[in-house]
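Read the structure below first, then the notes.
Just follow the structure's listing: the first ligand is 1, and inside any ligand the first atom is 1. Values reported hereafter were calculated over all heavy atoms of this structure, with side chains retained and with hydrogens, waters and symmetry mates removed. All of these numbers come straight from a predicted model, not from anything done at the bench.
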Amino acid sequence: MKEQIVKILAEKVPSLTEAEITELIEIPPNPEMGDYAFPCFRLAKTLRKAPPMIAQEIHDSIELPSYIQELRVVGAYLNFFIKKDVFAETLLTQVRADRFGSSDEGEGKTICIDYSSPNVAKNFHVGHLRTTIIGNSLYKIFSKLGYHVERINHLGDWGTQFGKLIVAYKKWGSEDAVKEKGIEELMRLYVLFHQEADKDPALEDEARFWFAEMERGNEEALNIWQWFVEISLEEFKRTYKLLGMEFDHYMGESFYRDKTDDVVKRITDAGLLSESEGAKIVDLSEYDMAPCLILKNDGSSIYATRDLAAIFYRKENYHFEKCLYVTGQEQRLHFQQVFKVVELMGNEWAKDSLVHIPYGLVSLGGEKLSSRDGNVIFAEDILLEAISKIKEIIEQKNPELEDKDAVAKHVGVGAVIFNDLYNQRIKDVSFRWEHLLNFDGETGPYVQYTYARCSSILRKIDDFDASAAVDISFLTDEASLGLLKELSRFPAVVKDAANRYEPSVVARFAVAVAQAFNHYYTVNRINVEDAAERNARVLLVDITRKVLRDAMDLLGITCVEQM
Ligand code: ARG
């Protein structure tokens, strides 16, 4: 519909391209002002006339096609009123299509997403929860557009901190304590190391020695390290399981330890490596950036070196179109430096292909969140708490519900996911139980509840036929048309979310659809006598249900049939 209006306008307004017109066209905030509006302000300069006058002139020059009911000038705007039945029919055809929302624009292209990537022997905290949730949603969104996605978990499993842990473990740890308490115990040892090293700096040398041993392949050191990795992974995987999220590769920093020499050689060959206070760096002052450290003065590689190795490895093995990195914004400079080094090595593709996707902080805003010893918060505990709080609500409100545990899990975990994705990723998110578990707000449970309502309506109607012809006159009222308009945005929403790497676009869409549906449901009876009318009304319920399910799936949330 919009395209046709653009075509009409393009004929009358030669100074703007079709793309520019498309960009300018607005959807008025309320349908009494028409279905589409074209503002004439932009034209005032070229035409040297007042915008309302321009609107009037265009208005007078247009011969109305049959699907337009009325064209009205309101101030500087030209408002188009589409004939309701034509409009409803067009929208219904769109939203009824197979694979509605999907596309194959990504066919044959690969996207690598590097996300989650917690650090071995450290807690999987709320920041890691955010990268996991955003990264997983981007995976879903790009897959929906036909891309092949490689989900990569770049675990922090290598580096000097493991030298420290080995020292601490050998001096003060025990196998039993690590077996029993896992990451918590490893964190305790790590903190202890720093306390002791303040008193006795020789410990730092010992730690450096053990990390150097790891890099040299010392079996004893590697065995301890390997054990710590396994223990940590086991805990991380519990969190992934709760979230219902998976990876194609666990390729942590250690995977690149035998690949960093080659990177250093390539950087040297490109004439980029220089020395600074014994360390090896790439000077980036020309680009207003601090130098990128490549090798420390003892010759050991660092985080950036392993990231460089990872980029070449992925490019050579996955031939990615893009490689996305989802981390907190505090790593912005790190990625700018690393990407610049790749580009300076003669790789033009680095400019468009390597993308850092930063996100804001999670603030706990004085909330009481359960924490373990040492006051650290584990994402796992938050998820478990969300599940148990939802379970309590179910016990109160709907104790007869089947499968209470499964429902509590999907709604509880979904509430946390939704809360993380509802606002633009760069904004800080605050964590408030009373908000995110609210069934009436702009929340996961609200959308879930709407979905379950759709399912429940459908369960009650046994003669519904999704493919039957529809008498469109039953769907031209303001609420039905409003819902159809909202639903029809889905394909554009998915594309927009992908272009901006912004799952919040989908989360907001889900809420908008749920609201439009609840309005539709309030003003229209669904289960009416007349079979044709009933079928038309139920059809919208059925389509809404599918779109809500697909949108929630793009966020990584599983909808429940009853709650
Ligand atoms: N392990 C890092 C952290 O917890 C994140 C790693 C992000 N990915 C990367 N390729 N550097 O902060």
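Some N or O of Q331 is nearer than 3.5 Å to an N or O of ligand 1, by distance alone. On a distance-only criterion, D114 and ligand 1 share at least one N/O pair closer than 3.5 Å. Backbone and side-chain nitrogen or oxygen atoms of D307 are examined, and one is located within less than 3.5 angstrom of a nitrogen or oxygen of ligand 1. Checked against a 3.5 angstrom limit, the closest N/O atoms of N119 and ligand 1 fall inside it.
Ligand 1 is never approached by R306 to a heavy-atom distance shorter than 4.0 Å. Residue contacts with ligand 1: Y303 is included, with a non-hydrogen atom under 4.0 Å away. Residue-ligand proximity: E253 is placed with every non-hydrogen atom at 4.0 Å or more from ligand 1.
Stacking of K259 on the aromatic ring of F312 is not recorded, the 6.0 Å distance cut-off and the 45° axial limit not both being met. K122 forms a cation-pi arrangement with Y190, by the criterion of a distance under 6.0 Å to the ring centre and an angle within 45° of the ring axis.
Under a 4.0 Å N-O distance rule, the pair E213/R216 qualifies as a salt bridge. Using a 4.0 Å cut-off between charged side-chain N and carboxylate O, K170 and E220 make a salt bridge.
Around CD of E23, the count of heavy atoms belonging to other residues, nucleotides or ligands within 6.0 Å does not exceed 12.
Here is the list of ligand 1 atoms found below 4.0 Å of a heavy atom in H128: 3 (C), 4 (O). Contact atoms of ligand 1 toward Y325: 10 (N) (distance under 4.0 Å to a heavy atom of the residue). If you number the atoms of ligand 1 from 1 as listed, the ones under 4.0 Å from a heavy atom of T327 come out as 7 (C).
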Criterion ring-ring contact (aromatic ring centres under 6.0 Å, His included) on F339 and Y325, from CA distance to verdict: CA-CA 11 Å; F339 297 169; Y325 294 80; 5.5 Å; yes

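Between S174 and D176, the side chains place no donor N or O within less than 3.5 Å of an acceptor N or O (distance only, hydrogens not considered).
Heavy atoms of Y256 found under 4.0 angstrom from ligand 1: none, in either backbone or side chain.
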